[in-house]
Every structure is written in structure tokens, then in C-alpha cells.
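Beneath this line is the structure, given in C-alpha cells, with notes to follow.
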Amino acid sequence: DKVPSKVIKERSQKLHKLSERKKEKFYLDQKSKSYQVLFESQNNKGEMYGFTENYIKVKLPFDIKLSNQIIPVTLNKLDENGIYEVNIKPEK
């Protein structure tokens, strides 16, 4: 039997909500953890972006010296768009 389109839509909405809650929890659980991030070279309104090895999007104020570099960072603050502001870890 074919599942009615109304049921399909309801199930889809529930799965999307569950996915968002799980993503939010995962991101919040990462706060204060350290990762290696490859930063992109694009200057986006004074900020630069990169991704941790587990695909968390992060940002820093743009610095051309960090472009296309893998930099150790600590996740600091999650912004309203779900992007982490980070601190660069000092070298030992």
C-alpha cells in the first residue's frame, strides 16, 4: 500500500526537526574543544571561514596569513547562524 502524501510530509517534518536538534546538541557539545582547521582564502565581509576535521564550520576575522593554512583552534562561541567563533591556540 502507498503511504498517503500527508503522512509522508508529517514524517519528513519530524525527521528534519530531529536532525536539527541532534545537530544543535552536537555543536553545543563541541564548545571549548580543540581542532585543526583549514581556513579558506576568501575575505567575506572581514571574516574567513574553515571547517574542523568533523565538519564544524568556524570563523575568524580575516587574516591573509592564515589563508589555506591548517591552524589549531579552540571552539569559543556559537553564533546565531550556527557558526563557531574560534580562538587560535598558541604554539607551544
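This chain uses plain numbering: 1 for the first residue, then up along the sequence.
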Please tabulate, for the side chains in residues 11-27, all donor-acceptor contacts under 3.5 angstrom to protein atoms that are two or more places apart in sequence or on a different chain.
| unit_1 | atom_1 | unit_2 | atom_2 | d |
| --- | --- | --- | --- | --- |
| Lys25 | NZ | Asp29 | OD2 | 2.7 |

Using residues 31-58 as the side-chain source, report each donor-acceptor pair under 3.5 Å to any protein atom, sequence neighbours left out, with the distance given to one decimal.
| unit_1 | atom_1 | unit_2 | atom_2 | d |
| --- | --- | --- | --- | --- |
| Ser34 | OG | Thr74 | OG1 | 3.3 |
| Tyr35 | OH | Gln30 | OE1 | 2.3 |
| Asn43 | OD1 | Gly46 | N | 2.9 |
| Glu47 | OE1 | Tyr49 | OH | 2.9 |
| Thr52 | OG1 | Asn54 | N | 3.3 |
| Thr52 | OG1 | Asn54 | OD1 | 2.5 |
| Thr52 | OG1 | Tyr55 | N | 3.4 |
| Thr52 | OG1 | Ile56 | N | 3.0 |
| Glu53 | OE1 | Gln36 | N | 3.2 |

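With sequence neighbours excluded, no residue satisfies side chain to side chain donor-acceptor pair (under 3.5 Å) with Asn68.
Note on Ile64 and Ile70: separate hydrophobic clusters, where clusters join Ile, Leu, Val, Met, Phe, Trp and Tyr whose side-chain heavy atoms are under 4.5 Å apart, directly or indirectly.
Through direct or indirect side-chain contacts shorter than 4.5 Å among Ile, Leu, Val, Met, Phe, Trp and Tyr, Val7 is connected to Val3, Ile8.
Every pair tested for salt bridge (Lys or Arg N to Asp or Glu O under 4.0 Å) that includes a residue from residues 64-77 fails, sequence neighbours excluded, so the list is empty.
The backbone N or O of Asn81 lies less than 3.5 Å from a partner atom in the side chain of Asp79, making a donor-acceptor pair.
Atom CD of Glu85 is separated from atom CG of Leu78 by 9.0 Å, given to the nearest 0.5 angstrom.
Summarising the geometry of Tyr84 relative to Leu75, their closest heavy-atom pair is CD2-CB, 3.7 Å, with the distance given to 0.1 Å.
Counting heavy atoms from C-beta outward, Leu66 and Ile71 have side chains that approach closer than 4.5 Å.
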